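Worksheet: one structure, shown below.
Everything quoted here is computed from the prediction, not taken from an experiment. Throughout, a chain's letter reflects where its sequence line sits, starting with A, and its residues are numbered from 1.
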Amino acid sequence: MKDLPVVIEDGQEIELEGWIIHKRISGKLAFLDLRVGPGVVQLVASKKELPAEAWQNIKKVTLESSVKIGGIGKVDSRAPTGAEIHLKDFEIIHLSEEFPITPKEHGIAFLMEHRHLWLRSRKQRAYLVIRNELEQSIHDFFYKNGFIRIDSPILTPAACEGTSTLFETDYFGEKAYLSQSGQLYLEPAAAAFRKVYCFGPTFRAEKSKTRRHLMEFWMVEPEVAFMKFEELIKLAEEFLSYIIQRVLEKAAIALEVIERDTTILEKTTPPFPRITYTEAIETLKNKGFPIEWGDDIGGDEETALSQETDKPLIITHYPKKVKAFYMQPNPDNPEEVLAMDVIAPEGYGEIIGGSERINDLDLLKKRIEEENLPREAFEWYLDIRKFGSFPHSGFGLGIERTVAWITGVKHVRETIPYPRMLYKIYP
RNA sequence: UCCUGGGUAGCUCAACUAGGUAGAGCGGUCGGCUGUUAACCGAUUGGUUGGGGGUUCGAGUCCCCCCCCAGGAGCCA
């Protein structure tokens, strides 16, 4: 079975530390698989070529024991990763107790209980290597394009989009909430640096229990001063295309390990197909969904729409009542806002949500009142519209959903090292 | 929160339309095997059937309550 390889040169003298993940022993010849880092290498041991003590160690070593080995590298097509190490020495650092996770089948409840150990498994390592490549590609994209990274706070005094779904905590006698978006803190920073982004965990206390939701998830959010709605859509297209292509290139082996068919991913190049919310509602009605203009578009509806295309689908011009208070109204229709969502193909749903922001002070005050939001908490935010106000736009991309799409994994819980799910915070 | 399905050995499951003191594979352990790939062959180990109460001569199986898990919905990234 394919795994991430360790690069081995033919004839090279090698000393390595690692963990034994598999052992096949036959009388006088043994094969062991050693996990060194993300990668794995096969060890070959012949009884007559080893010190007696080393052979005894090989016989008694248990799965997931930590060991130190010495040997000679050999390129050999019979080895699972194309190369192997012929052992000259084998030392046990720690003899592992019986490891709960075996190469055979396990249920998801058992695996989630043992998430801290499950991380060592072949596919889980591949998923997290892919996540790492995605995160790096995001930073590289923004760095190359002159963005400044702004680390927004996690403890916040007020809601970005209403308080009902926030985790509340005590802040020296005051109420504080775990951030559900860095956006409000990004907008002031855009006035300082013009192009900014934040990258960090966000928290939603929604009691949702689906394959697309976590209580704690990571989001990257760019915000750009003087950027209008059309340019925002272009930014989203270029950004998403860049990060997908970069991951396909840099994480090619990890994608092979998980046997991901990347045909559709390769098609992620600008421009993306685009429909308005109103057109989406018409399409859904024709498909038989019981939906009316003004309703939000749910998971099944998103999947139905994304089936029309192999590329991410952009939906624009949503009704203002289903979107956040800070979104700029459509000049051609005040009931709509200049908002856009990007729906991933293959049923992975919304991965980007963004908009042009309101830059007029009076309009923003009015919208805060209409949504019954606590005005005091937003005074600092309103300041942006008092001191050199400027048109600006931004979006947020969900890391876990994007990794889920790239890897083809069904549930986002496997795209993050330690998922936080409804009523589940262990390990 | 709601709907549906489920909790039996360390793990994955079986024990039937009909209540009769639980069984297999994997893992572990011991032995065998010089090119294995989730190796193979033989032996062996393993259980208060999620918890509590009830019906019954007798409950894994039937009834009630509780706990936990999974899948889905709403909401969202």
Does the structure show A:F217 stacking with B:A77, if we require the centres to be closer than 5.5 Å and the planes to be within less than 30 degrees of parallel?
yes
Scanning all shown strands, the Watson-Crick or wobble mate of B:U55 with both distances under 3.5 Å is none
Short question: side chain of A:E221, backbone of A:G182 - any donor-acceptor pair under 3.5 Å?
yes
Rounded to the Å, how far apart are A:K60 NZ and B:G31 C1'?
19 Å
Are A:Y381 and A:Y326 near enough that their ring centres are under 6.0 Å apart?
no
Per atom distances to the A:R78 side chain, the nearest of B:C33, B:G35, B:U34 is B:G35
With sugar-phosphate meaning primed atoms plus P, OP1 and OP2, does A:E206 contact a base, only sugar-phosphate, or nothing at under 4.0 Å between heavy atoms?
base
Confirm from the modelled atom types if A:R24 and B:C33 form a donor-acceptor pair under 3.5 Å, side chain to base only.
no
Given atom NZ of A:K59 and atom P of B:G28, what is their separation to the nearest angstrom?
16 Å
Selected nucleotide, minimal atom distance to A:L214 side chain, candidates B:U34, B:A77, B:G35
B:A77
Is it possible for you to check whether A:K323 lies under 6.0 Å from the centre of the six-membered ring of A:Y318, through NZ or CZ, and within 45° of that ring's axis?
yes
Value in whole Å for how far the P atom of B:A38 lies from CZ of A:R120
20 Å
P atom, B:C67 versus B:G74: distance in rounded Å?
26 Å
Need to verify one output field. Residue with the more 5' nearest nucleotide on RNA chain B, A:G107 or A:F99?
A:G107
How far, in whole Å, is B:G53 from B:G46 if one measures between their P atoms?
29 Å
Upstream residue (5' side of RNA chain B) when A:L422 and A:L63 are each assigned their closest nucleotide:
A:L422
Determine the contact category for A:L397: base if any of its heavy atoms lies under 4.0 Å from a base atom, sugar-phosphate if only primed atoms, P, OP1 or OP2 are that close, otherwise nothing.
nothing
Atom CG of A:L29 and atom P of B:C40: how far apart are they, to the nearest Å?
16 Å
Quickly work out the A:M112 CE to B:C68 C1' distance and round it to whole Å.
15 Å
Considering only heavy side-chain atoms of A:T102, the closest of B:U34, B:G27, B:C76 is B:G27
Rounded to whole angstroms, how far apart are NZ on A:K28 and C1' on B:G32?
11 Å
C1' spacing across the pair B:U21 / B:U49, given as an integer number of angstrom:
12 Å
Are A:H139 and A:Y143 close enough that their ring centers fall under 6.0 Å?
no
Complementary nucleotide of B:C75, counting Watson-Crick and G-U pairs under 3.5 Å
none
Review item, side-chain donor-acceptor pairs of residues 39-53 of chain A, under 3.5 Å, at least two apart:
unit_1, atom_1, unit_2, atom_2, d
A:Q42, OE1, A:R24, NH2, 2.9
A:Q42, NE2, A:E84, OE1, 3.0

B:A77 to B:G27 separation - C1' atoms, rounded to the nearest Å
40 Å
Looking at RNA chain B, which of residues 80-98 of chain A put a heavy atom within less than 4.0 Å of it?
A:P80, A:E84, A:H86, A:E98
Sugar-phosphate, base or nothing in reach of A:D33, heavy atoms under 4.0 Å:
nothing
Between B:U17 and B:G42, how many Å separate the two C1' atoms, rounded to a whole number?
40 Å
Touch check for A:R413, heavy atoms < 4.0 angstrom, all strands: base, sugar-phosphate only, or nothing?
sugar-phosphate
Can you identify which nucleotide, out of B:C75, B:A77, B:A70, has its nearest atom closest to the A:T210 side chain?
B:C75
Polar-atom pairs under 3.5 Å, protein N or O versus N or O of nucleotides 3-9 of chain B: list them with distances, or write none.
none

When you measure only distances, ignoring hydrogens and angles, does the side chain of A:H213 come within 3.5 Å of the base of B:C76 through a donor and an acceptor?
yes
Among B:C76, B:U36, B:A73, find the nucleotide with the atom closest to the side chain of A:R212.
B:C76
Do the two ring centres, one from A:F142 and one from A:F239, sit under 6.0 Å apart?
yes
Partner of B:A43 by Watson-Crick or G-U wobble geometry, both contacts under 3.5 Å, or none?
B:U29
Calculate the interatomic distance between A:L166 atom CG and B:A77 atom P; express it in whole Å.
13 Å
Within the distance-only criterion (no hydrogens, no angle test), does the side chain of A:N145 pair as donor or acceptor with the backbone N or O of A:F141 below 3.5 angstrom?
yes
Please check if the distance between the ring centroids of A:F378 and A:F325 is under 6.0 Å.
yes
Please pick, from B:A77, B:G35, B:G71, the nucleotide with the shortest atom-to-atom distance to any side-chain atom of A:H411.
B:G71
Would you kindly say whether A:R246 and A:Q136 are connected by a side-chain donor-acceptor distance under 3.5 Å?
no
Between B:G10 and B:U48, how far apart are the two P atoms, rounded to whole Å?
7 Å
Counting any heavy atom closer than 4.0 Å, what does A:D296 reach on the DNA or RNA strands: base, sugar-phosphate only, or nothing?
sugar-phosphate
Scan A:K424 against the nucleic acid and name what it touches under 4.0 Å (heavy atoms): base, sugar-phosphate only, or nothing.
sugar-phosphate
Between A:T210 and A:H411 the two heavy atoms that sit nearest each other are O-NE2, 3.5 Å
Under a 3.5 Å limit for both distances, which nucleotide forms a Watson-Crick or G-U wobble pair with B:U4, could you say?
B:A70
Roughly how far apart, to the nearest Å, are B:A18 and B:C76 at atom P?
48 Å
Assess the pair A:F90 and A:W55: is the distance between their ring centroids shorter than 6.0 Å?
no
Please find out if less than 6.0 Å separates the ring center of A:H114 from that of A:Y426.
no
Of all the choices, B:C69, B:U34, B:U1, which nucleotide is nearest to the side chain of A:K207 once you look at every atom?
B:U1
Which listed nucleotide (B:U12, B:C75, B:U1) is nearest to the side chain of A:Y423?
B:U1
Expressed in whole Å, how much space separates the C1' atoms belonging to B:C66 and B:A9?
26 Å
Where A:S393 and A:K228 come nearest, the two heavy atoms and their spacing
OG-C, 3.8 Å
Rounded to whole Å, NZ of A:K48 lies from P of B:U34 at a distance of 11 Å
Aromatic centroids of A:W118 and A:F110 separated by under 6.0 Å
no
Measure from the side chain of A:R401, starting at C-beta and using heavy atoms only, and say which of B:U34, B:C76, B:C11 lies closest.
B:C76
Below 4.0 angstrom from OP1 or OP2 of B:A38, is there any side-chain N or O of A:K104?
no
What nucleotide among B:C11, B:U12, B:C76 has an atom nearest to a side-chain atom of A:H106?
B:C11
